[in-house]
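Each remark here refers to the structure printed beneath this line.
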Protein chains: 2
Amino acid sequence: MSADPVLRRDVPDATVARLPEYLRTLSRLAEHGVSSVSSEELASAVGVRSAQLRKDLSRLGSYGVRGVGYEVDTLALEISRVLGLTRDWPVAVVGMGNLGHALASYSGFATKGFRIVALFDDDPALVGEEVGGVAIRPFAELPSCASEQRIAIGVIATPAAAAQAVGEALVAAGVMSILNFAPASIAVRGDVDVRRVDLSTELQILAFHAQRRSYAGELTEAVSQ
Amino acid sequence: MSADPVLRRDVPDATVARLPEYLRTLSRLAEHGVSSVSSEELASAVGVRSAQLRKDLSRLGSYGVRGVGYEVDTLALEISRVLGLTRDWPVAVVGMGNLGHALASYSGFATKGFRIVALFDDDPALVGEEVGGVAIRPFAELPSCASEQRIAIGVIATPAAAAQAVGEALVAAGVMSILNFAPASIAVRGDVDVRRVDLSTELQILAFHAQRRSYAGELTEAVSQ
DNA sequence: CCCTGTGAAATAATTCACAGCA
DNA sequence: TGCTGTGAATTATTTCACAGGG
């Protein structure tokens, strides 16, 4: 019983990583009443080269019209389908400190497809509080909740020390996709998909480039003297 | 007046993106009293192939000992130097809602090199509050503060609607590195380095892989019947 | 014509496999 | 001998450039 016709051909990871950006830009264009774009226009709005955009989109099939461009609504719908946003993805957030609160009320979840169905935290001061209409529950209730609610994605927003245990519990509960915001990596079964987002990593990459830039600046100054 | 000897040779972006992970793992090993590791050990602790680790490290120079491995402290120090963590990077956070609070108190900043020197928000209910010993100030004070404190990195943690204006103000104030957590892209001068972290994007990538996995599962089931 | 879709070329990143040093 | 450092081979990704449809 397959619901949506799922893409058969292979889509490179690099392309998949850009699809959300394309989709967001298309939504913005649609809001502004734009109904059709060329690869040149869309690419420059996103910040990639037009050839790259065309190649990326061609992986999904032929949704453009030669001599004209792409119909905004059609393309947006198609990207949504490829990304799986026409399905429902129940999400649980574990760790309801400032970060958990921010994530649970982040407008990113307003995006079609993702629905927060459970919030967990073991702090008695937080249990019972409602965020966006969902009550915070003790973490021990994860297993029953996961099977009832068919949780597909788990978001870890705990301190570093708790991350590994939370990850294991999520996997044990059948969650196959994990988004880890904790400042620590977790090790899990190879067939579970884990993505980690880390402030420290991002800052360090920025620092590397900034350092390189200032060094280039010093060189230029030295030469011009 | 160059302080640290800066790396001359080119380091690929893909390598730079992995260095923070290597550094974190090395720190963890050091805490556990490990003083030497082979590329095999370190690679498996990080989750990459040993050949990749060796090639990455060889871009920074020769810091290993043939037949033995790498000295944990030496290697960690060298990676820190390459990433620019031996310098001081004053950071400002703009937008002190839940996300801003979480970021300002995130242990990621505890990392050597980054120091929060200013917090901004225009909400009168937040101005004056102290987070981690730094007072929240009105955003209008950014320009004077940026030059006094030599702010190098700006973190945007505002709602989507404010992101573009905040980005422009940061650039106008001389900030050359921006980390954007707002659910919207910003357009700035090409020589400014912007990295965006977006919950929605991460979820969509997870959804794509989850969908693909469940489709593969259906295929397998169908075949086995 | 104009703009998509795509082979072919160029570039980048990863993996292999082993020479060579401690 | 054991493990690093690195050329060479492989694989992935981007860019070019143009054929071909509307």
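Order of the sequence lines fixes the chain letters, A, B, ..., with proteins taken first and strands second; residue numbering starts at 1 for each chain. We use all heavy atoms of the structure for the numbers below, so side chains are in, but hydrogens, waters and symmetry mates are not.
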Give the nucleotide from the list [options] with an atom nearest to the side chain of [X].
{"X": "B:S39", "options": "D:dT14, D:dT4, C:dT6", "answer": "D:dT4"}
{"X": "B:R66", "options": "C:dG5, D:dA8, D:dT4", "answer": "D:dT4"}
{"X": "B:R54", "options": "C:dC3, C:dC18, C:dT15", "answer": "C:dC18"}
{"X": "B:R59", "options": "D:dT14, D:dG5, C:dT14", "answer": "C:dT14"}
{"X": "A:R18", "options": "D:dG7, D:dT4, D:dT14", "answer": "D:dT14"}
{"X": "A:V65", "options": "D:dT4, D:dG22, C:dT15", "answer": "D:dG22"}

Nearest-Å distance, [atom1] ([X]) to [atom2] ([N])?
{"X": "A:Q52", "N": "C:dG7", "atom1": "CD", "atom2": "P", "value": "18 Å"}
{"X": "B:Y70", "N": "D:dG2", "atom1": "OH", "atom2": "C1'", "value": "13 Å"}
{"X": "A:K55", "N": "D:dC16", "atom1": "NZ", "atom2": "P", "value": "13 Å"}
{"X": "B:Y63", "N": "D:dG5", "atom1": "OH", "atom2": "C1'", "value": "14 Å"}
{"X": "B:L60", "N": "D:dT6", "atom1": "CG", "atom2": "P", "value": "11 Å"}
{"X": "A:E40", "N": "C:dC1", "atom1": "CD", "atom2": "P", "value": "19 Å"}
{"X": "B:L57", "N": "D:dT4", "atom1": "CG", "atom2": "C1'", "value": "10 Å"}
{"X": "A:R49", "N": "C:dT4", "atom1": "CZ", "atom2": "P", "value": "17 Å"}

Between A:R24 and B:S200, is there a side-chain donor-acceptor contact under 3.5 Å, judged purely by atom types and distance?
no

Atom pair NE2 (B:H209) and CD (B:Q211), whose distance is rounded to the nearest 0.5 Å:
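One finds 11.0 Å between NE2 of B:H209 and CD of B:Q211.
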
Both A:D13 and A:A51 contact DNA chain D. Taking the nearest nucleotide for each, which residue is further toward the 5' end?
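Comparing both residues, the 5'-ward one is A:D13.
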
So does A:E21 pair up with A:R18, basic N to acidic O under 4.0 Å?
no

Pair B:R212 + A:D10, salt bridge at N-O below 4.0 Å
yes

Would you say B:S62 places a side-chain N or O within less than 4.0 Å of OP1 or OP2 belonging to D:dG5?
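Yes.
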
Heavy-atom pair of closest approach, residues B:I151 and B:A118
CD1-CB, 4.3 Å

5′-ward residue of the pair A:D56/A:V68 relative to DNA chain C:
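Here A:V68 is the residue nearer the 5' end.
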
